[in-house]
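Accompanying notes for the structure given below.
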4 protein chains.
Amino acid sequence: MPKAQRTTNDRAAAPPRRGQGNGTRLERSAARREAILAAALDEFSVQGFAATRLDDVARRAGVAKGTIYLHFRDKEALFQELVRSVLGPFVGTLEHVLASEVPARVIFGQMVEMFVREVYGTRRKDVIRLIVTEGTRFPWLAEFYYREVLSRILGAVRALLQRAIERGEISPSVARFPQLLGAPAIVAILWNSLFERFEPLDVAAFMHAQLDLLFGAEKDS
Amino acid sequence: MPKAQRTTNDRAAAPPRRGQGNGTRLERSAARREAILAAALDEFSVQGFAATRLDDVARRAGVAKGTIYLHFRDKEALFQELVRSVLGPFVGTLEHVLASEVPARVIFGQMVEMFVREVYGTRRKDVIRLIVTEGTRFPWLAEFYYREVLSRILGAVRALLQRAIERGEISPSVARFPQLLGAPAIVAILWNSLFERFEPLDVAAFMHAQLDLLFGAEKDS
Amino acid sequence: MPKAQRTTNDRAAAPPRRGQGNGTRLERSAARREAILAAALDEFSVQGFAATRLDDVARRAGVAKGTIYLHFRDKEALFQELVRSVLGPFVGTLEHVLASEVPARVIFGQMVEMFVREVYGTRRKDVIRLIVTEGTRFPWLAEFYYREVLSRILGAVRALLQRAIERGEISPSVARFPQLLGAPAIVAILWNSLFERFEPLDVAAFMHAQLDLLFGAEKDS
Amino acid sequence: MPKAQRTTNDRAAAPPRRGQGNGTRLERSAARREAILAAALDEFSVQGFAATRLDDVARRAGVAKGTIYLHFRDKEALFQELVRSVLGPFVGTLEHVLASEVPARVIFGQMVEMFVREVYGTRRKDVIRLIVTEGTRFPWLAEFYYREVLSRILGAVRALLQRAIERGEISPSVARFPQLLGAPAIVAILWNSLFERFEPLDVAAFMHAQLDLLFGAEKDS
DNA sequence: GATGAATGAGGGTTCATTCAT
DNA sequence: TATGAATGAACCCTCATTCAT
């Protein structure tokens, strides 16, 4: 989406339908909160944090500007909640997959598939991008991502690689840099966000190519 | 409070010393321009384009706010000149290195060394980061980088890989994604800008590990 | 010091009295808009468009600076709306008066009275002055005034003079320049705005003197 | 000249021809001063005082910005000198003409011709306009014009009208408003500056029509 | 004298945040 | 609870004025 100018009047999902029976007061409040988070992600992704106007977030969410402040202390808290709400629930499932006992090659194959489906194909991709683009301005952001996501994944990957080395599935030297496994994922997200219009990158194939380097080329795709 | 950390009163190198014999008028004008560019890079790198105040750039460069406008049309032009001035002179040297006729493995080893010395060890690293962080908001930025830098590098790398495959130095499958060679470089820059305080990444070793994957482990590093 | 006289802290009519029951929200919004227009007219009339600070307009209107932008796109739009809001409603009444069937002399006498009461005695006088002083810098302003006001008045006056000539009330030669009837009105406004402190000009008498020239001296005033 | 956008690189009369023998140092200084005054009049006339940039004046005059300050204390002093330099020498000649002993009708006929030639056909017209447009913002301007020009002209005109009345050339009632004689002149200048593109006004004919009203229609055009 | 780079106060405009309804 | 009009601090950019050359 290289669009830089502002979209004006496209709101999120359903029209407000105020005063109708679509849920209890609590449910409606929660739905509003979600709508705001979704709208904020849209805007932050395109404009960046600093250049995003809460006015636009509110319009896109179909709420009034003041409503945002009923759910979030300020713009930065909204950003923080956004990152947590998108990434938080995901962390648990990651460790689960990595703890499996099947061969490393198979697990990493599953990881690629999972990344493409659950990250690259979803809004999580945008949050990952936001961490890269806003991380230096918001130390809590880099820290949150490192502590809650990266360190856990890397820990699990290190354990997995250790087992793979012990089984002779992989060369010992690469275990020093588990980041080598994640690098193509990050690069794929960034590449397509910046250069897709010039030269699109096939994310899954790209990641598999890196797996081929690590484990030797095999049957898959 | 969207103001993240904000450095206040550190100016560039030498104090102004108005009216002294530090160069001709033209020389001092050029020096000021450079000081502004350097200060802008500092600020843009930390705050991002949108959150950077030209006031801070001016203070850091040791000039008055209005002086910026003697050298650059507006904030975005300053940004544009910044990217061009840092990357422009570099583009030529890149192709020179990649055109060498020694074995691919050797060339890529030189590339790693060159990247560490000429990019990671310099302000160019910060400009690369800016392209990643601001590229979606400034289409000209992504386009400039793709046309002037990426496409040229990738073209040369592809040619190099082709020769390497023909000589049997490398497996044919990887030639499809020359980006695999650059991925560790980008990831290393981003990793250390975000997570160095938690877990620093040895850039050279990281890149060499990827080379080992491509060519098989060897003597170097 | 290009700041001529500058009135500082006199605001409009009533103090803000926020949160009190002075009208519905819509009424208060409209009242604010009017206050801003009135304040803008005051400032523009004295300082001219370019030298007027919106800060001063806001203070005089008793609102914050940002409030102006809730009602007007920018400074020039405020100016435009100001001219339209003051002159617009007046255009219709003009033609009505000129269409009367009584003798020309009587109609022009009524016109004088109407001008003194409805233009010279009101803010419309200031808008007329603004058209003279800012008309060259804002082509839309001169055009608006010519199309919406002048050409209509002149058309009606020409018709009226034609009838007067046919009835022998007036010499044919003057019909060529209906502007001769309006000239004293314009000159009176300008004279008193510039030289009243030295030598005030009796607007009604001045205009009647011109009528006397056209129709011959008679009973009135 | 309804042109609102700025003309960029058209300088006044002769190219600088620095270092050539076009006069003594004093002569060249005086020439520069004149060039600046001429350029200032051009710019002030089109943009108005407040919106005129001394940068543009300097460029149009073919001098550097700083040079203006060698001749004039500040922007307002430049404006003041401009008005004085254009109108000052003219005042004397006016009184001379009005003191003539020929019939009033003849004198006024000469005045019309003189106005068209010496005012409307010259830069003096622009200064008159500036007095109208900037007079409220600069009290000294209105005062200067009233004291040095208007009061003198009106005095002479009053005396002339008095004589004309005594000779029966004119009705006594009009002597009360000598401004009636000048009104068409002012209105003609303003009309053509604002509305010439829609409906040009023949200045000489317009003024003669007013004379015809005062003295009765006669031979002259 | 003449220059024009440099200055920095000032003004138009934006937008996060508040609060009366 | 939700609204959105109102606020005012902040920021980009301009331009009158200065001053070292």
Side-chain angles (χ1 to χ4, degrees), chain A residues 16 18 25-26 28-29 32 50-59 63-76 78, chain B residues 1-3 16 18-21 24-26 28-29 32 50-58 63-76 78, chain C residues 1-3 16 18-21 24-26 28-29 32-33 50-58 63-76 78, chain D residues 16 18 25-26 28-29 32 50-59 63-71 73-76 78:
Chain A
R18 189 103 58 79
R25 188 184 303 221
L26 217 72
R28 267 182 291 126
S29 178
R32 277 190 144 85
T52 288
R53 289 176 291 165
L54 289 190
D55 236 351
D56 289 340
V57 172
R59 182 165 36 242
V63 303
K65 216 184 335 176
T67 305
I68 294 177
Y69 288 85
L70 297 176
H71 295 275
F72 306 96
R73 191 169 16 82
D74 58 16
K75 194 184 180 186
E76 189 169 341
L78 168 60
Chain B
M1 268 175 260
K3 308 285 159 48
R18 183 105 63 79
Q20 221 169 306
T24 70
R25 200 186 290 216
L26 218 74
R28 266 179 299 126
S29 177
R32 272 172 175 203
T52 288
R53 292 177 287 163
L54 289 191
D55 238 350
D56 289 340
V57 172
V63 303
K65 212 175 357 166
T67 305
I68 294 176
Y69 292 87
L70 296 177
H71 296 276
F72 307 97
R73 195 172 8 79
D74 57 16
K75 196 184 179 184
E76 188 167 341
L78 169 58
Chain C
M1 270 177 261
K3 310 286 157 48
R18 185 105 62 80
Q20 221 170 306
T24 70
R25 200 187 288 217
L26 217 75
R28 265 178 300 126
S29 178
R32 272 173 173 197
R33 195 190 141 95
T52 289
R53 290 177 287 163
L54 290 190
D55 239 351
D56 289 340
V57 172
V63 302
K65 210 170 8 157
T67 304
I68 294 175
Y69 291 87
L70 295 178
H71 295 278
F72 307 96
R73 195 175 6 81
D74 57 16
K75 195 183 180 185
E76 188 166 341
L78 167 59
Chain D
R18 189 103 58 77
R25 188 183 305 221
L26 219 72
R28 267 182 291 126
S29 178
R32 276 188 143 85
T52 287
R53 290 177 290 168
L54 289 190
D55 237 349
D56 289 340
V57 172
R59 184 164 36 244
V63 302
K65 215 185 335 175
T67 305
I68 294 175
Y69 287 86
L70 297 176
H71 295 276
R73 191 169 17 80
D74 57 17
K75 195 182 179 186
E76 188 168 342
L78 168 60

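The structure presented is a predicted model; accordingly, all values stated were derived computationally and were not measured. Residue numbers begin at 1 in each chain, while the letters A, B, ... track the order of the sequences.
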Report summary line: Across all chains, not counting sequence neighbours, the side chain to side chain contact (heavy atoms under 4.5 Å, CB included) partners of A:Phe72 are A:Arg33, A:Ile36, A:Leu37, A:Ile68, A:Leu78, A:Glu81

**Report entry** Length of the CG-P vector between D:Asp55 and F:dT17, whole Å
**Finding:** 13 Å

Query raised in the report: Which residues pass the salt bridge (charged side-chain N to carboxylate O under 4.0 Å, His left out) test with B:Asp74, sequence neighbours left out?
Result: none

Requested in this report: Using heavy atoms to find the nearest nucleotide of DNA chain E for D:Ala64 and A:Ala50 separately, return the residue whose nucleotide is more 5′.
Outcome: D:Ala64

Query raised in the report: What's the NZ-P distance between A:Lys75 and E:dT17, to the nearest Å?
Result: 8 Å

Report summary line: d(D:Tyr69 OH, D:Lys65 NZ) to nearest 0.5 Å is 8.0 Å

Query - Nearest-angstrom distance from the residue atom CZ of B:Arg28 to C1' of E:dA5 - result: 9 Å

Requested in this report: Drop me the distance from A:Arg59's CZ to A:Leu54's CG, to the nearest 0.5 angstrom.
Outcome: 11.5 Å

Query - Candidate nucleotides F:dC11, E:dT7, E:dT3, ranked by approach to the side chain of B:Arg53 - the nearest - result: F:dC11

Query raised in the report: In whole angstroms, how far is the P atom of F:dC15 from the CG atom of D:Asp74?
Result: 17 Å

Query raised in the report: Does a nitrogen or oxygen in the side chain of B:Arg32 sit under 4.0 Å from OP1 or OP2 of E:dA5?
Result: no

**Report entry** Atom pair distance, as rounded to whole Å: CG in C:Leu26 and C1' in F:dA6
**Finding:** 15 Å

Query - Nearest-angstrom distance from the residue atom CG of C:Asp56 to C1' of F:dG8 - result: 16 Å

Report task. Identify, with sequence neighbours excluded, every residue that meets side chain to side chain contact (heavy atoms under 4.5 Å, CB included) alongside A:Ala64. Result -> A:Thr67

Report summary line: Between the CZ atom in C:Arg32 and the OG atom in C:Ser29, the distance rounded to the nearest 0.5 Å is 8.5 Å

Query raised in the report: Rounded to whole angstroms, how far apart are CG on C:Leu54 and P on F:dA6?
Result: 17 Å

**Report entry** With sequence neighbours excluded, residues passing salt bridge (charged side-chain N to carboxylate O under 4.0 Å, His left out) with B:Lys75
**Finding:** none

Query raised in the report: Where does DNA chain F pair, written as one dot-bracket string 5' to 3', with Watson-Crick or G-U pairs under 3.5 Å, ( ) inside the strand, [ ] for crossing pairs and | for another strand?
Result: .||||||||||||||||||||

**Report entry** Interface with DNA chain E, restricted to residues 65-73 of chain B and to heavy atoms under 4.0 Å
**Finding:** B:Lys65, B:Gly66, B:Thr67, B:Leu70, B:His71

